[in-house]
Amino acid sequence: MTQPASDFIRQRIKQDLDSGLVEGAIVTRFPPEPNGYLHIGHAKSICLNFGVAEEFGGYTYLRFDDTNPLKESDTYVEAIQQDVAWLGFEWSDRLTNASDYFDALYARAVELIDGGKAYVCSLTGEEIRQSRGTLTEPGKESPYRGRSVEENRELFERMRAGEFADGEQVLRAKIDMASPNINMRDPVLYRIRHATHQRTGDKWVIYPMYDFTHCICDALEGITHSLCTLEFEDHRPLYDWVLDNINMNFHPPQIEFSRLGLEYTVLSKRLLSQLVTQGLVEGWDDPRMPTLAGLRRRGVTPGAIREFCRRVGVTKQDNRVEMSLLEFCIRRDLEGTVRRGMGVLNPLKVRISNYRDDGEVLEGPWHAQNPDLGRRELPFGAELYIEREDFTDAPPKKWRRLSPGALVRLRYAYIIRCDEVVRDARGEIQELVCSYIPESKSGSDTSGLKPNGVVHWVAADTAVAVEIRLYGRLFKVPDPGAATLVDDIDPASLTIRSGYVEPAIHHSDDDHFQFERLGYFFRDPERANTYNRTVSLRDSWKPG
RNA sequence: UGGGGAUUGGUGUAAUGGUAGCACGACUGACUCUGAAUCAGUUAGUAUAGGUUCAAAUCCUAUAUCCCCAGCCA
């Protein structure tokens, strides 16, 4: 069923293996910066990196790209590990940090200085920006570009020793201020940051930049294929330049693919972080969030996410995948194995006038098509709740639910007829008075009656009152932008209902359920007696 | 308007000079004690214009559109 993916990256790896360019194991890495929670876009990268290593017989590093102590923290480090493990991938002992290599990195920087390939620049940040040029104009060389090797070594050592304040000096690569690629216009390699690092503490006051760090870490770890997203394409020449200008006998190729785009949400740590910080959602694990923590809390399974990533594929094309594909993957993963029971989201009381309540307990399978899941007891009663939407005074054509005078089957129970609609002073429907057909009991129906349809229900005296949370799209538009983020939020994305579930659901050890006819629900791990709707069932009913 | 990328049904992708295929979606119908699932079917595409070739989504030349880059972020 699940065919092995074959995208341009896997084809390339296969080719590298066949040609002997790469000998032995394929080594990849997933290198998040611990400055936020992982989202489903990261899942694509995780599935790719861990996936190819698995397929081609290799391994994958989980490497924290922790070169900026101002933005990073241990809480993210832990959350990221939890998410990757939850997705089902193992890094075993290959968990590394860019900061593990700070000493090696420093030595490499000195190597560059010694080779006349890097210099300490004393320009201010503003001056550097001014002299960088623009997209169409070349930059101007720094007046400090010609410093001697000795002077650079001394200055760099003093930077490391903490003799300068933040921003006073930087180490820059000496490349080409006229390069059409702005990344090559003497990029900053090291900056001064008097900040405590979550791992190295106060040992360092200078921290290496991404472009200098990443390629060297890749090489040191023997990464055979360094996979990253498209926005780093322009950085590849710099990645290569660094490795070409130090004495390194290993040079991974950087291969870029497009990031995942998903309708009606945002997939950028910056924007997601903003939603959390501004209190627009309840947290990183708000079930409306596309974060792995949010998806998990909503009830989305790792298998569904992996299948989604597989189906989305890996290319260099910009994309915005429809939510329906994710929903399909979720339903498919839950379909065969999750228990099915009854829950009522919007209760309407039904009184069965001719039923004598004697504690009758009915029974039904947990899954009509999967008997392995067993059966559960279903207490009946003279007072029930059905879904308010399952009754109407004015049934449209092909209405298969309840209406005055109509027959409907209560799932796994009896056929009932609606005899009377009781309303309050305002005309709101208060309750339905129905009669049941005693000989129509599910499994031994001798009534010969053909009801309109089947409706779910719970018995009023045994049902468990629960809170049910329904989630819609977080945004009103398919492509919410950074500029209009707040306005684009759909205030109706969360609906809280006071409903009921049958007792067997309440007492089950499972936490995933299908509420028949309504969708898949997940018991909230934090909030007691609360069920999150993971995804609704497909609904092809069109009135009219 | 400098540089780097990308354009195949509504959406995501496959086809690597030789039958434009798959999936999601949408739409029909069958079945149904879930308007689900399942089953059967329908739908719609190579950005544009030239060229090379027996043959072009694929190669060439223009054009158009979209994305990324001017952090001491990653």
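Residue numbers start from 1 in every chain, and the chains themselves are labelled A, B, ... in the order their sequence lines are given, proteins ahead of strands.
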Are any of A:R517's side-chain N or O atoms less than 4.0 Å away from OP1 or OP2 of B:G35?
-> yes
Using a cut-off of less than 4.0 Å, is there contact between a side-chain N or O of A:S540 and OP1 or OP2 of B:A36?
-> yes
Is NZ or CZ of A:R473 both nearer than 6.0 Å to the six-membered ring centre of A:Y264 and within 45° of the ring axis?
-> yes
Taking only N and O in the side chain of A:R132, is any of them less than 4.0 Å away from OP1 or OP2 of B:C72?
-> yes
Using the P atom in both, what is the distance from B:G29 to B:A36, to the nearest Å?
-> 13 Å
From CH2 of A:W541 across to P of B:G29 the rounded distance in Å is 13 Å
Counting side-chain heavy atoms from CB outward, which of B:A37, B:G25, B:A70 is closest to A:E335?
-> B:A37
Centres of the A:F521 and A:F515 rings: under 6.0 Å?
-> yes
Of all the choices, B:A36, B:C73, B:G35, which nucleotide is nearest to the side chain of A:N68 once you look at every atom?
-> B:C73
Rounding to a whole Å, what distance do you find between A:D166:CG and B:C72:P?
-> 14 Å
Tell me the partner of B:G2, counting only Watson-Crick (N1-N3 plus N6-O4 or O6-N4) or G-U wobble (N1-O2 and O6-N3) with both under 3.5 Å; none if nothing fits.
-> B:C69
Whole angstrom value for the distance that separates P of B:G2 from CG of A:D234 = 15 Å
Which nucleotide in B:U1, B:G5, B:C24 has an atom nearest any side-chain atom of A:T136 | B:U1
Rounded to whole angstroms, how far apart are CG on A:L135 and P on B:C67?
-> 15 Å
Would you mind reading off the distance between A:E263 atom CD and B:G10 atom P, rounded to a whole angstrom?
-> 14 Å
Looking at B:U16, B:G3, B:G4, which one has an atom nearest to any side-chain atom of A:Q11?
-> B:U16
Where the side chain of A:N319 is concerned, which of B:U13, B:G2, B:C72 is the nearest nucleotide?
-> B:U13
So with a 6.0 Å cut-off around CZ of A:R191, is the heavy-atom count from everything else above 12?
-> yes
Whole-Å distance between B:A23 P and A:E307 CD?
-> 13 Å
Nucleotide nearest A:Q317 when distance is taken to its side chain, options B:U7, B:G4, B:A74 = B:U7
Using a cut-off of less than 4.0 Å, is there contact between a side-chain N or O of A:R538 and OP1 or OP2 of B:A26?
-> yes
Chi class for B:G71: syn within 90° of 0, otherwise anti | syn
Measure from NZ or CZ of A:R533 to the centre of the six-membered ring of A:Y520, then state whether that distance is under 6.0 Å and the direction lies within 45° of the axis.
-> no
Inter-nucleotide P distance (B:A14, B:U7), Å rounded | 9 Å
Partner nucleotide, any strand, of B:U16 [Watson-Crick/G-U, under 3.5 Å] | none
With C1' as the reference atom in both, quote the distance from B:G41 to B:C66 in angstrom, rounded to an integer.
-> 37 Å
From CG (A:L326) to CD1 (A:I330), nearest 0.5 Å | 4.5 Å
Which whole number of Å gives the distance between the P atom of B:A15 and that of B:U53?
-> 27 Å
Around A:K14, counting heavy atoms of other residues, nucleotides and ligands shown, do more than 12 lie under 6.0 Å from its NZ?
-> no
Whole-Å C1' distance, B:A23 and B:U43 = 15 Å
Under 4.0 Å: is that the gap between some side-chain N or O of A:S258 and OP1 or OP2 of B:C67?
-> no
From the candidates B:G35, B:G12, B:C72, the one with an atom nearest any side-chain atom of A:V321 is B:G12
Counting heavy atoms from C-beta on, name the nucleotide in B:G35, B:G2, B:G5 closest to the side chain of A:K316.
-> B:G5
Distance between C1' atoms of B:C22 and B:U8 (Å, rounded) | 13 Å
Partner of A:H456 by side-chain contact (heavy atoms from CB on, under 4.5 Å), out of A:I386, A:L410, A:L518 | A:L518
Can a salt bridge be assigned to the pair A:R409 and A:D445 using a cut-off of 4.0 Å between side-chain N and carboxylate O?
-> yes
Using atom CG of A:L238 as one end and atom P of B:C68 as the other, report the distance to the nearest whole Å.
-> 21 Å
B:G25 to B:U11 separation - P atoms, rounded to the nearest Å | 16 Å
Could you work out which one of B:G71, B:A74, B:U32 sits closest to the side chain of A:R400?
-> B:U32
Toward the 5' end of RNA chain B, by each residue's nearest nucleotide, A:Y190 or A:Y412 | A:Y412
Tell me: CD1 of A:I182 to P of B:C72, nearest whole Å?
-> 11 Å
A:K542, nearest nucleotide to its side chain (from B:C73, B:C27, B:A36) | B:C27
